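Heads up, the thing below is written out as structure tokens.
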Amino acid sequence: MQKPSLPRGTRDFGPEQMSRRLFLLETIRQTFRRFGFQPLETPALENLSVLMGKYGEEGDQLLFKILNSGEYTNGLNEADWQAGPRKLTLKISEKGLRYDLTVPFARFVVMNRHALTMPFKRYQIQPVWRADRPQKGRYREFMQCDADVVGTDSLLCEAEIVLMLHESLRHLGIQDFTVKINNRKILTGIAEVVGAEGQEGPLAVAIDKLDKIGREKVIEELRQRGFSEGSIDRLEPMFRFPEDTPAAFQQLRSWLATSETGLKGVAELAEVWQLVEQYGLTDARMQLDVTLARGLSYYTGAIFEVKANGVQIGSISGGGRYDNLTGAFGMPGLSGVGISLGVDRIYDVMEELGLFPETGLQSTRVLVVHLEEAARKAGLPLLTRLRENNIPAEAYPDTAKVKKQLDYANAKRIPFVVLIGSEELETGLLTLKNMVSGTQEKLSAEEILRKVTAVAD
RNA sequence: GAGAAUGUAGCUCAGUCGGUUAGAGCGCCAGAUUGUGGUUCUGGAGGUCGCGGGUUCGAGACCCGUCUUUCUCCCCA
């Protein structure tokens with residue numbers, strides 16, 4: 001006999017977890033639907049040629065790769081064995097598990113470009129896999145909820161993403177969150193005005209840690225990354241950014257006055273703010289954060305990230321605009337913007353904050369209990385009647401002691417039990433027992449139906 | 001990839017300085033109660049002390065390896 005086990009970073013979801021997850025998934029799905037997004041599913045497996053090279057150097061390492069079927073070592077020569085694991089992998093594996101939903105979506109768009117009505121809005125809720133080390137809030141299999149629009153560069157889409165984030169999280173009961181927004185063009189502009197043109201990548205990586213490690217350490221890291229003292233001096237405005245959004249915009253405009261790209265980024269962001277206001281979003285939790293960079297290299301415009309406040313966990317959502325994602329698949333110039341919500345982290349946040357409603361845990365509403373073999377048949381038509389009326393109902397399948405059957409009802413938090421024994425068979429009236437109050441009464445099937453329907457959940 | 005902790009009954013955890021037959025609570029099963037649960041009482045079952053090796057007269061405890069879970073860095077949802 002062997003002990004059963006689970007691959008690290010993966011989990012089972014029992015009935016009570018699933019009812020919460022379904023609530024979460026459904027809330028997000030309905031929000032996406034309300035904004036006009038249509039569903040899409042793609043295979044768990046993709047060809048590695050589709051996945052490789054889309055997530056940076058480290059991303060390739062984090063892909064789960066699938067060994068080819070059959071005699072996968074056939075055709076390998078000595079040179080292949082000597083070439084090292086990375087090159088050998090490509091010889092023996094041609095498929096991998098999807099790493100996110102954006103790249104498969106880009107592949108889908110390119111393959112179906114003639115059939116799609118542009119702008120194309122799709123939502124996609126499926127698991128993704130990453131081969132990194134599990135930690136708090138980090139799993140190797142987790143669910144993403146993506147919504148993307150491709151085929152337009154209108155900033156209205158950015159504004160709607162902000163709205164959808166607010167709507168989904170508030171429907172879930174998460175009130176204290178921050179939607180951090182930046183723009184890749186602003187990062188480019190900053191690199192330009194400090195005299196480190198094209199270095200926004202390393203710049204962003206260092207500056208991103210500002211709130212974690214502090215100003216001195218950031219400057220130290222910038223030096224190590226080869227930034228000149230002059231550049232670091234000109235970075236000064238970065239370290240004293242106003243909390244107030246209009247003031248922040250004002251400071252950015254004067255700081256980036258000499259960078260055309262930078263100013264364009266500022267103007268784009270300002271328009272997003274304006275649009276969100278025109279939509280009438282109340283109590284917006286948006287924050288301009290010029291240190292926000294995100295790892296994925298394909299963002300070209302807006303960058304989003306959502307933090308749940310008061311919980312020690314990574315971001316629960318991320319996204320942004322990409323102007324050339326489909327370019328890698330031979331379809332350049334298609335602009336898109338999207339957002340991804342991490343269900344597993346949102347679940348952890350809600351659990352930690354105690355935001356899950358108590359209701360919804362009970363599955364069955366009525367349990368039919370028979371006290372002797374002959375009584376069982378009297379309960380079956382009742383079950384059918386209950387189910388026809390959309391009331392979840394079940395019979396205890398075995399003839400067992402009443403105690404055992406009632407224990408079963410308690411364990412499943414079933415609120416009503418119908419008892420059928422010889423007495424009920426004679427009179428035709430069935431005993432309805434309320435498991436919460438303990439009261440019971442003899443009723444006809446018709447009355448039972450009315451009674452269990454009438455009582456509110 | 002680097003560093004640190006962790007693992008004992010189905011669950012949560014005790015287990016002293018290395019010493020006889022490894023414990024508790026909860027849960028489970030049975031009975032008190034042959035047609036009534038959630039309260040109470042009584043009894044019972046349940047263990048390869050993660051796994052493998054080592055030290056020792058003797059290891060749940062000490063040492064090495066390995067796996068799991070968790071945390072920090074990195075990166076991400």
Side-chain angles (χ1 to χ4, degrees), chain A residues 1-11 14 24 28 55-63 85 98-102 125-146 165 204-206 208-209 212-213 217 221 292-297 304-308 312-320 338-349 367 369-372 375 396 399-426 430-440 442:
Chain A
M1 197 190 82
Q2 72 200 32
K3 269 187 188 170
S5 65
L6 229 39
R8 59 185 315 181
T10 68
R11 301 146 299 156
L24 237 160
I28 293 169
Y55 309 106
E57 290 167 34
E58 288 194 14
D60 286 354
Q61 305 283 349
L62 296 178
L63 287 170
R98 74 165 94 81
Y99 179 90
D100 70 0
L101 302 177
T102 310
I125 300 177
Q126 289 189 274
V128 303
W129 294 268
R130 294 182 190 180
D132 61 0
R133 262 180 111 120
Q135 285 178 31
K136 179 171 185 177
R138 178 180 303 190
Y139 308 99
R140 299 218 285 187
E141 177 185 62
F142 61 97
M143 192 70 92
Q144 285 196 328
C145 302
D146 276 34
L165 287 169
V205 170
D208 189 48
K209 300 174 188 164
K212 263 190 193 169
I213 61 177
K217 294 260 171 119
E221 185 164 338
L292 177 63
R294 315 218 79 240
L296 295 182
S297 48
F304 302 104
E305 183 167 290
V306 182
K307 281 281 297 175
Q312 194 65 33
I313 203 163
S315 61
I316 55 176
S317 177
I339 194 72
S340 176
L341 288 122
V343 171
D344 303 83
R345 283 192 179 170
I346 295 175
Y347 184 102
D348 291 345
V349 165
L367 177 73
V369 164
H370 60 282
L371 308 166
E372 54 202 73
Y396 193 87
T399 304
K401 292 190 171 175
V402 181
K403 173 174 162 52
K404 193 171 172 93
Q405 301 194 53
L406 293 182
D407 280 343
Y408 177 81
N410 282 327
K412 283 187 78 172
R413 301 190 203 187
I414 299 173
F416 293 104
V417 167
V418 173
L419 291 148
I420 309 176
S422 56
E423 203 176 301
E424 284 79 6
L425 285 180
E426 276 173 35
L430 308 178
T431 301
L432 176 69
K433 183 179 180 69
N434 182 319
M435 292 300 281
V436 181
S437 64
T439 58
Q440 56 187 64
K442 306 218 163 164

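As the structure is a computational prediction, the values presented were derived from the model and not from experiment. Keep in mind that the numbers below use all heavy atoms, side chains included, and drop hydrogens, waters and symmetry copies. Below, chains carry the letters A, B, ... as their sequence lines are ordered, and counting in each starts from 1.
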Open item on the list: Does the plane of the ring in A:Tyr408 sit parallel, tilted or perpendicular to the ring in A:Tyr396? Use 30° and 60° as the thresholds.
Closed with: perpendicular
Open item on the list: Whole angstroms only, please: what is the CD1-C1' distance between A:Ile414 and B:rG38?
Closed with: 14 Å
- [ ] Find the distance A:Asn410:CG to B:rG37:C1' and express it as a whole number of Å.
- [x] 5 Å
Open item on the list: If the condition is salt bridge (Lys or Arg N to Asp or Glu O under 4.0 Å), which residues does A:Glu221 pass it with, not counting sequence neighbours?
Closed with: A:Lys209, A:Arg225
Task: Exercise: identify the closest heavy-atom pair between A:Gln61 and A:Ala131 - done: O-CB, 4.5 Å
TODO: Would you mind reporting whether A:Ile125 and A:Val343 have side-chain heavy atoms less than 4.5 Å apart?
DONE: no
Open item on the list: For a quick check of understanding: with a heavy-atom distance under 4.0 Å over all strands, which category does A:Gln440 fall into, base, sugar-phosphate or nothing?
Closed with: base
Open item on the list: Once you apply a heavy-atom cut-off of 4.0 Å, does A:Leu62 come out as touching a base, just sugar-phosphate, or nothing?
Closed with: nothing
Task: Shortest non-hydrogen separation from A:Leu425 to A:Ala375 and the atoms involved - done: CD1-CA, 3.9 Å
- [ ] Give the rounded distance in Å between these two atoms: OH of A:Tyr99 and P of B:rC76.
- [x] 7 Å
TODO: Nearest whole angstrom, please: distance from the P of B:rU36 to the CG of A:Leu430.
DONE: 18 Å
Task: Separation between the P atoms of B:rG43 and B:rG25, rounded to whole Å - done: 12 Å
Open item on the list: Going by side chain to side chain contact (heavy atoms under 4.5 Å, CB included), A:Leu367 matches just one of A:Val418, A:Val417, A:Asn410, A:Leu406. Which one?
Closed with: A:Val417
Task: B:rG47 to B:rG23 separation - P atoms, rounded to the nearest Å - done: 14 Å
Open item on the list: Does the protein touch nucleotides 25-32 of chain B at the base, only the backbone, or not at all? Give it as B, S and - per nucleotide, heavy atoms under 4.0 Å.
Closed with: ------S-
Task: B:rG15 and B:rU8, which share atom name C1', separated by this distance in whole Å - done: 9 Å
Open item on the list: With rounding to the closest Å, how many angstrom separate the P atoms on B:rG10 and B:rA45?
Closed with: 15 Å
Open item on the list: Between A:Arg140 and A:Pro134 (side chain of the first, backbone of the second, donor and acceptor by atom type, cut-off under 3.5 Å), is there such a pair?
Closed with: no
Tabulate atom names and distances for all N/O pairs under 3.5 angstrom spanning the protein and nucleotides 67-72 of chain B.
residue: B:rU69; atom: OP2; partner: A:Arg8; partner atom: NE; Å: 3.4
residue: B:rC71; atom: OP1; partner: A:Lys136; partner atom: N; Å: 3.4
residue: B:rC71; atom: OP2; partner: A:Lys136; partner atom: N; Å: 2.2

TODO: Determine the Euclidean distance between corresponding P atoms of B:rG1 and B:rU6; express it in Å to zero decimal places.
DONE: 23 Å
- [ ] Select base, sugar-phosphate, or nothing to describe what A:Met435 touches, counting heavy atoms under 4.0 Å on all strands.
- [x] base
Open item on the list: For the OG atom of A:Ser317 and the NZ atom of A:Lys307, what is their distance to the nearest 0.5 Å?
Closed with: 12.5 Å
Task: Dot-bracket encoding of pairs in RNA chain B, which uses [ ] for pseudoknotted crossings and | for another strand, Watson-Crick or G-U under 3.5 angstrom - done: (((((.(..((((.....[...)))).(((((.......))))).....(((((..]....)))))).)))))....
Task: Set of residues satisfying ring pair (Phe, Tyr, Trp, His ring centres under 6.0 Å) with respect to A:Tyr139, sequence neighbours excluded - done: none
Open item on the list: Distance check needed: B:rG35 P versus A:Leu367 CG, whole Å only.
Closed with: 18 Å
Open item on the list: What's the gap between B:rC63 and B:rA22 when it is taken at their C1' atoms, as a whole Å value?
Closed with: 23 Å
Task: Closest contact, heavy atoms only, A:Phe304 versus A:Leu292 - done: C-CD2, 4.2 Å
- [ ] Give A:Leu371 one of three labels, base, sugar-phosphate or nothing, depending on what nucleic acid heavy atoms sit under 4.0 Å from its own.
- [x] base
Open item on the list: In this structure, how many angstroms lie between the C1' atom of B:rC76 and the NZ atom of A:Lys307, rounded?
Closed with: 12 Å
Task: A:Glu424: salt bridge (Lys or Arg N to Asp or Glu O under 4.0 Å) partners, not counting sequence neighbours - done: none
- [ ] Would you indicate what A:Val436 reaches in the nucleic acid, counting non-hydrogen atoms under 4.0 angstrom: base, sugar-phosphate, or nothing?
- [x] base
Open item on the list: Taking B:rC28 as the reference, what is the distance to B:rG37 when you measure between their P atoms (whole Å, please)?
Closed with: 15 Å
Task: Flag, side chain of A:Arg130 to backbone of A:Leu62, donor-acceptor distance under 3.5 Å - done: no
Task: Integer-rounded Å distance: B:rG38 P and A:Lys433 NZ - done: 10 Å
Open item on the list: Base, sugar-phosphate or nothing for A:Glu424? Non-hydrogen atoms, less than 4.0 Å.
Closed with: base
Task: Same-atom distance (P) from B:rA9 to B:rA24, integer angstrom - done: 14 Å
Task: Minimum heavy-atom distance between A:Asp344 and A:Arg11, given as atom pair plus value - done: OD2-NH2, 2.6 Å
Open item on the list: At 4.0 Å (heavy atoms only), tell me whether A:Gly438 reaches a base, stays on the sugar-phosphate, or touches nothing.
Closed with: base
